[in-house]
Amino acid sequence: MIKVGVFGAKGRMGSEVVKAVEAAEDTELVAGVDTGDDRDRVRGADVVVDFTHPDEVVGNLHWLVANGIHAVVGTSGFDEERMAGVRDLLAEHPGVNVLIAPNFGIAAVLMMHFAVKAAPYFDSAEIVELHHPNKADAPSGTAHRTAELVAGARGEAEPMPDATTSEVPGARGADVSGVRVHALRVAGLIAHQEVIFGTHGETLKIRHDSMSRESFMPGVLLGVRRVSQLPEQLTLGLEPLLGLD
Ligand SMILES: NC(=O)C1=CN([C@@H]2O[C@H](COP(=O)(O)OP(=O)(O)OC[C@H]3O[C@@H](n4cnc5c(N)ncnc54)[C@H](O)[C@@H]3O)[C@@H](O)[C@H]2O)C=CC1
Ligand SMILES: O=C(O)C1=N[C@H](C(=O)O)C[C@H](O)C1
């Protein structure tokens, strides 16, 4: 049995993780921790899953790593600088592993993978992410990561065509690694993203839709099962666990 703790246990994602961990045959819930609870409640866990808040997750990670507990992190907000901080932290604690996945949806990971494959063949690439209005951060962690991956796959390609000289601030979205990202917050939605590519006379749209938060659970459980055996102390994204690297 893998002993699992959950940080953010009363939240939209954390409450699903609690149910998934309780339902799986090879995992056992040690405790759920939410705001105001003592982190000590997860002592004895092999792995803790964190779905909290971008402003809280780093403090949680420091506590977990210092206490020798592997972490599976879904919370967004991990840019290059933050990743470097986690790498430094892990260097002081050999034997502890951290998996940070911007998106645990298997189809979402495939959407990012296909976008990387498509990117070198197009002049233009822009990302539209659409989420529920209770989301704390914009753009989403998934969109941020997709933009970085698409930019990397474009390599030394020409700058994207864009004749805009007059702009209402924000109208062209955020520039993430040279890729424009547009964030919509709409009641009734959960999590959705389109990557739109264009070249002469042709466009390609790659779209992913999360219809329920349950859809993230197979990916979270995969992370819980595999985090302790990952070859690197820090893994970004579910891709290597799915054989997609
Ligand atoms: N990687 C992925 O596949 C996914 C990632 N997310 C990310 O997960 C995070 C949480 O999203 P939601 O569940 O929608 O938010 P939420 O607001 O519904 O839940 C967060 C919960 O964490 C609790 N919390 C805040 N600080 C805490 C702390 N220091 N210790 C323990 N609990 C704490 C809050 O009280 C709340 O109950 C966001 O960053 C979101 O972007 C969301 C969905 C999928
Ligand atoms: O807050 C959410 O809901 C989601 N957050 C993650 C992100 O920021 O990419 C993953 C998914 O988009 C849902």
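In this text the structure is predicted, and so the values were computed from the model without any measurement. Atoms within a ligand are numbered from 1 in the order they appear, just like the ligands themselves.
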* Measure the OG1-CD1 distance between T146 and I127 for me, rounded to the nearest 0.5 Å. => 5.0 Å
* Asked: Has the side chain of R154 got a donor or acceptor atom that lies under 3.5 Å from a matching backbone atom of P159?
  -> no
* Structure fact -> Under 4.0 Å from one or more heavy atoms of N103, ligand 2 contributes atoms 10 (C), 11 (C), 12 (O)
* Over 12 non-hydrogen atoms of neighbours within 6.0 angstrom of CD in E232 -> no
* **Atom indices of ligand 2 within 4.0 angstrom of A191 heavy atoms, with elements** => 11 (C), 12 (O), 13 (C)
* Residue and atom name of the nearest protein heavy atom (relative to atom 41 (O) of ligand 1), distance in Å to one decimal -> K135 NZ, 2.8 Å
* E167 atom CD, neighbour heavy-atom count above 12 within 6.0 Å -> yes
* Asked: Does ligand 2 have a heavy atom under 4.0 Å from the side chain of S76, from its backbone, from both, or from neither?
  -> side chain
* Note the single closest protein heavy atom to atom 9 (C) of ligand 1, along with its residue, its atom name and the distance in Å. => T52 O, 3.7 Å
* If you measure from CG on L238 to CZ on F216, what distance do you get to the nearest 0.5 Å? -> 12.0 Å
* Asked: At a 4.0 Å threshold, what atoms of ligand 2 neighbour a non-hydrogen atom of S140?
  -> 7 (C), 8 (O), 9 (O)
* Contacting atoms of ligand 1, where contact means under 4.0 angstrom from a heavy atom of K10 -> 37 (O)
* Asked: Got a salt bridge between K19 and E22, using NZ or NE/NH1/NH2 to carboxylate O under 4.0 Å?
  -> no
* **Heteroatom distance test (D34, ligand 1): nitrogen or oxygen, under 3.5 angstrom** => yes
* To do: Flag yes if more than 12 heavy atoms outside Q229 fall under 6.0 Å of its CD atom; otherwise flag no.
  => yes
* Asked: Could a heavy atom of H132 be found less than 4.0 Å from some atom of ligand 2?
  -> yes
* Return the residue, atom name and 0.1 Å-rounded distance of the protein heavy atom closest to atom 5 (N) of ligand 2. => K135 NZ, 3.1 Å
* Using atom types as modelled and distance alone, determine if a side-chain donor or acceptor of D79 lies under 3.5 Å from a backbone N or O of R82. => yes
* Structure fact -> Filtering P102, G141, G11 for the heavy atom nearest atom 10 (C) of ligand 2 leaves P102
* **Option with minimal heavy-atom separation from atom 9 (O) of ligand 2, where the choices are D137, I190, T142** => T142
* Contact atoms of ligand 1, heavy-atom distance to T35 under 4.0 Å -> 23 (C), 24 (N), 25 (C), 26 (N), 27 (C), 31 (C), 32 (N), 33 (C), 34 (C), 35 (O)
* Asked: In terms of atom number and element, which parts of ligand 1 are under 4.0 angstrom from non-hydrogen atoms of G74?
  -> 1 (N), 2 (C), 4 (C), 5 (C), 6 (N), 7 (C), 8 (O)
* Structure fact -> atom 29 (N) of ligand 1 sits nearest the protein heavy atom E56 OE1, 3.0 Å
* Asked: Any idea which part of A101 is under 4.0 Å from ligand 1, heavy-atom wise: side chain, backbone, both or neither?
  -> backbone
* Relative to the heavy atoms of M13, which atoms of ligand 1 are at a distance of less than 4.0 Å? -> 13 (O), 42 (C), 43 (C), 44 (C)
* Side chain, backbone, both or neither: which part of D37 comes within less than 4.0 Å of ligand 1 when only heavy atoms are counted? -> neither
* Common cluster, F51/V18, ILVMFWY with side-chain heavy-atom separation under 4.5 Å -> yes
* Structure fact -> Nearest heavy-atom contact between G11 and D34 is N-OD2, 3.8 Å
* To do: Taking atom types as modelled, find out whether E239 and H113 have a side-chain donor-acceptor pair closer than 3.5 angstrom.
  => no
* Applying a 4.0 Å heavy-atom criterion (strictly less than), which segment of R39 is in contact with ligand 1: side chain, backbone, both, or neither? -> neither
* Look at the side-chain heavy atoms of Ile, Leu, Val, Met, Phe, Trp and Tyr, link any pair under 4.5 Å apart, and say whether M217 and L29 land in one connected group. => yes
* Asked: Among G11, P102, A9, S140, whose heavy atom sits nearest atom 19 (O) of ligand 1?
  -> G11
* Asked: Of S76, G8, A136, S215, which has the heavy atom at the shortest distance from atom 38 (C) of ligand 1?
  -> S76
* Look at ligand 1 and say whether R213 reaches it with a heavy atom at a distance under 4.0 Å. => no
* Determine, considering heavy atoms only, which of F51, W63, F104, F78 sits nearest to atom 4 (C) of ligand 1. => F51
* Structure fact -> atom 30 (N) of ligand 1: of N60, T142, L238, the nearest heavy atom sits on N60
* **OG on S215 to CD on E16, rounded to 0.5 Å** => 9.0 Å
* Asked: If you measure from CG on L99 to CZ on R226, what distance do you get to the nearest 0.5 Å?
  -> 10.0 Å
* Counting from 1, what ligand 1 atoms have a heavy atom of V33 closer than 4.0 Å? -> 31 (C), 32 (N)
* Any idea which of E129, H131, R145, M13 brings a heavy atom closest to atom 13 (C) of ligand 2? -> H131
* Asked: Tell me: protein heavy atom nearest atom 16 (P) of ligand 1, and distance?
  -> R12 NH2, 3.6 Å
* Heavy-atom pair of closest approach, residues A143 and V181 -> CB-CG1, 3.7 Å
* Asked: Which ligand 1 atoms does N103 reach within 4.0 Å, using its non-hydrogen atoms?
  -> 1 (N), 2 (C), 3 (O)
* Asked: Which atom names give the shortest non-hydrogen contact between I206 and F197, and what distance separates them?
  -> CD1-CE1, 3.9 Å
